[in-house]
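Data first, discussion second: the structure below is written as structure tokens.
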Amino acid sequence: PPSPPLCNAPRADGVTINLGCRFVRHWLPIATNHQGDNAVATSSSRASASLKQKARRALNRAKPLIGRKPTKPSWVPPEVIDISVARLHDLPLFDPDAYLELNPTLKGKVTKPYNHAIARASKGPFTMFEPQAVARVLAKEAFEPDLVTAETTPISGTEASSLPPIGIYASSYGNVFMREIAEDLAHDFRLLGADVEVLDETADIEARRPVTIVVAPHEFFFFHEGRNWTTPEFVQSTFIYNTEQLQTKWFERPLPWILASRGLMDICLQAATALGESGLPAMHLEPSLRLNNDWLLPGDWEKQVVQDLPLETAAPGTIVSWNDRPLDLSFFGTTSERRDVLMAQYLPRFEGYRDFINYVARIGASTNEMDTRVAGYVATQSKISLNIHRDDFPYFEWHRIVKQGMGSGALVVTDECLPHPLYKPGVHFFSAPSSDLPDLIDWLLRDPAGQQAAEEVLANVELLASSGVGLQRTKAAVEFITANS
């Protein structure tokens with residue numbers, strides 16, 4: 001496959017930037033010593049291997065997922081279709097006329113677009129929602145009490161003790177981030193006294209717990225044994241936790257099971273508000289903020305990918321003060337057209353900084369837990385954790401912004417996001433239009449006033465993490481489950 005536009009781009013300070021090749025995944029650490037000697041990019045053994053070797057390794061990693069059937073539901077049960085179609089009629093996001101316009105091959109053939117959209121959602125290749133409709137829905141004011149200023153009752157730790165045992169399910173073949181979210185949700189429920197177990201599709205469906213929550217339905221119901229869980233009986237009795245953005249195919253594919261479920265919990269406030277208009281019980285829920293200075297496991301320190309990191313590593317678990325962090329900024333993300341354009345603009349502006357850019361294309365989901373542990377560790381060594389939206393929809397990407405960035409004590413800098421009821425720009429993170437991000441980073445790192453503002457925001461994040469205010473949403477989730485069980 002062709003390399004991206006910036007592959008092996010030279011920089012004025014002598015550093016060779018290897019932004020990787022599309023569809024081939026490898027680490028891309030960039031370390032500049034800026035001490036006058038010949039600074040070079042440090043790369044791991046995987047990064048220095050030939051493209052053919054890298055492609056072969058990528059294929060070997062993908063082999064366990066090749067040829068396994070079933071990989072997706074082949075049909076939607078009639079009982080699920082009936083419930084989903086009824087709710088789709090009330091979903092402002094869906095326009096039957098726009099559906100036929102988006103899929104011209106259906107014109108003159110489909111007389112019931114609502115039924116067709118639901119019945120074919122899991123298979124594609126039809127597009128369900130026009131981007132303009134998604135933008136209008138996200139632009140609507142979504143109300144949720146501001147958790148920072150609202151009056152809240154103290155958390156006693158027994159709010160969920162009356163709930164039946166909870167099973168939180170995430171696909172064992174899915175993105176490792178989804179498993180982390182499932183574990184984080186379980187952690188918060190346990191703090192409120194709930195009996196929670198995190199499970200996957202290999203569990204015994206007949207012995208499932210009384211309360212079930214499926215995290216990332218676009219993975220759970222589509223990968224391997226997950227198909228066995230798409231029965232109307234299970235779907236109508238379970239709660240869905242959606243992590244996907246409304247404009248993506250990953251949201252469209254499991255929509256029949258989302259709409260037919262007992263209730264929806266969504267990581268995005270605006271998406272939860274929109275889907276609730278269909279008559280589906282819906283709420284916004286995300287894990288609480290937890291500070292983590294010890295991302296790597298003891299055995300990770302001996303692995304080559306960690307030893308190749310261009311950092312003056314401290315002892316495991318050591319808290320590195322913000323001013324003493326060896327990296328000025330870091331970014332972890334996969335390629336997209338929007339990011340390609342912005343990276344081309346940003347990298348020349350980052351000259352003079354010590355940065356770590358891991359920008360690659362990926363084959364399928366990231367199933368390697370080492371990926372996220374290294375990303376979190378790098379964030380603990382970075383002054384700034386950079387977030388760049390993959391497309392024009394400015395979602396608040398909780399995992400990168402909160403868990404990986406704020407949770408690692410890094411200062412989060414992002415292009416503008418949808419409003420959030422808890423995390424506020426200028427208070428808990430910094431945001432700006434994408435064209436202004438390099439100027440914002442310069443101000444935060446080089447200007448005394450910017451450095452003072454950064455310290456204030458970092459103090460606010462630490463205070464928020466210790467306050468436990470994020471558990472108020474978990475408390476609301478307990479009430480939501482009780483009301484809809």
Side-chain angles (χ1 to χ4, degrees), residues 23-26 55-76 121-125 166-186 196-209 212-231 234-235 238-245 248-258 261 265 267 287 297 305 332-334 360-376 390 397-400 403-404:
F23 312 117
V24 178
R25 177 189 170 279
H26 56 269
R56 187 180 300 114
R57 291 171 185 169
L59 180 60
N60 288 336
R61 287 194 297 271
K63 278 182 178 178
L65 303 180
I66 296 175
R68 297 280 190 90
K69 293 183 179 181
T71 58
K72 62 182 180 181
S74 59
W75 65 292
V76 183
S122 66
K123 290 184 175 182
I166 301 173
I168 300 181
Y169 294 82
S171 174
S172 63
Y173 291 93
N175 195 312
V176 64
F177 301 150
M178 306 308 170
R179 180 76 181 192
E180 288 183 348
I181 290 173
E183 295 284 359
D184 287 341
L185 290 172
V196 187
E197 188 175 2
V198 178
L199 303 160
D200 59 36
E201 73 287 349
T202 63
D204 184 355
I205 190 171
E206 299 301 329
R208 62 186 181 274
R209 294 193 148 206
T212 56
I213 302 172
V214 169
V215 173
H218 67 288
E219 294 181 347
F220 185 80
F221 290 135
F222 284 73
F223 292 161
H224 314 297
E225 292 91 340
R227 179 183 183 180
N228 300 329
W229 297 74
T230 59
T231 63
F234 175 75
V235 171
T238 197
F239 294 92
I240 297 292
Y241 189 84
N242 177 55
T243 60
E244 292 308 293
Q245 301 181 9
T248 67
K249 63 180 180 180
W250 308 117
F251 169 74
E252 293 182 356
R253 291 178 68 190
L255 189 62
W257 292 274
I258 293 176
S261 69
M265 305 171 192
I267 202 167
L297 300 178
V305 66
F332 282 76
T334 54
V360 295
R362 191 179 301 281
I363 302 176
S366 173
T367 58
N368 186 355
E369 294 182 0
M370 190 71 186
D371 289 356
T372 187
R373 296 203 297 271
V374 170
R390 65 186 178 194
E397 286 100 350
W398 177 86
H399 193 278
R400 184 182 290 112
K403 183 177 179 66
Q404 183 177 302

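Since the model is a prediction, treat every value here as computed from it, not as a measurement.
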Q: Show your reasoning for whether side-chain contact (heavy atoms from CB on, under 4.5 Å) applies to Val215 and Leu185.
A: CA-CA 10 Å; Val215 173; Leu185 290 172; 4.2 Å; yes
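When side chains are defined from C-beta on, Asn175 does not count as touching Trp250, because their heavy atoms never get closer than 4.5 Å. Residues Tyr173 and Glu201 meet the side-chain proximity criterion, which asks for heavy atoms closer than 4.5 Å. Side-chain contact check for Gln245 versus Arg390: some heavy-atom pair is nearer than 4.5 Å. Taking 4.5 Å as the limit, some side-chain heavy atom of Phe223 sits within range of a side-chain heavy atom of Ser171. Met178 places a side-chain heavy atom less than 4.5 Å from the side chain of His218. Inter-residue side-chain proximity for Ile181 and Tyr241 is flagged as met; some heavy-atom pair is nearer than 4.5 Å.
Residues satisfying the ring-ring contact (aromatic ring centres under 6.0 Å, His included) test with Phe239, not counting sequence neighbours, are Phe480. Scanning for side chain to side chain contact (heavy atoms under 4.5 Å, CB included) contacts around Thr202 gives Asp200, with sequence neighbours left out. Scored by the salt bridge (charged side-chain N to carboxylate O under 4.0 Å, His left out) test, Arg179 finds Glu183 as partners (sequence neighbours excluded). With sequence neighbours excluded, no residue forms a side-chain hydrogen bond (donor to acceptor under 3.5 Å, both in side chains) with Glu252. Listed by chain and number, the residues in a side-chain hydrogen bond (donor to acceptor under 3.5 Å, both in side chains) with Glu180 are Thr372, His399 (sequence neighbours excluded). Every side-chain hydrogen bond (donor to acceptor under 3.5 Å, both in side chains) that Arg209 has, sequence neighbours left out, goes to Asp195. By the side chain to side chain contact (heavy atoms under 4.5 Å, CB included) test, Ala186 is found to be paired with Ile168, Arg190, Val196, Val198, residues two or more places apart in sequence or in another chain being considered. Remark: Trp229 pairs with Tyr169, Phe220, Phe234 by the ring-ring contact (aromatic ring centres under 6.0 Å, His included) rule, at least two apart or across chains. Listed by chain and residue number, Met128, Pro256 satisfy the side chain to side chain contact (heavy atoms under 4.5 Å, CB included) test with Ala121 (two or more places apart in sequence, or in another chain). Residues passing the salt bridge (charged side-chain N to carboxylate O under 4.0 Å, His left out) test with Arg373, sequence neighbours excluded: Asp300, Glu369.
Atom OG1 of residue Thr243 and atom CD of residue Glu397 lie 12.0 Å apart, to the nearest 0.5 angstrom. In this structure, CD1 on Ile240 lies 10.0 Å from CE on Met265, to the nearest 0.5 angstrom. To the nearest 0.5 Å, atom CG of residue Asp204 and atom CG of residue Leu199 are 10.5 Å apart.
The two atoms that bring Trp257 and Thr230 nearest to each other are NE1-CB, 3.4 Å, heavy atoms only. In terms of heavy-atom proximity, Val374 sits nearest to Phe332 at O-CZ, 4.5 Å. Among all heavy-atom pairs drawn from Ile258 and Ser261, the shortest one is O-OG, 2.7 Å.
With hydrogens and angles ignored, the 3.5 Å screen pairs a side-chain donor or acceptor of Thr238 with a backbone N or O of Thr212.
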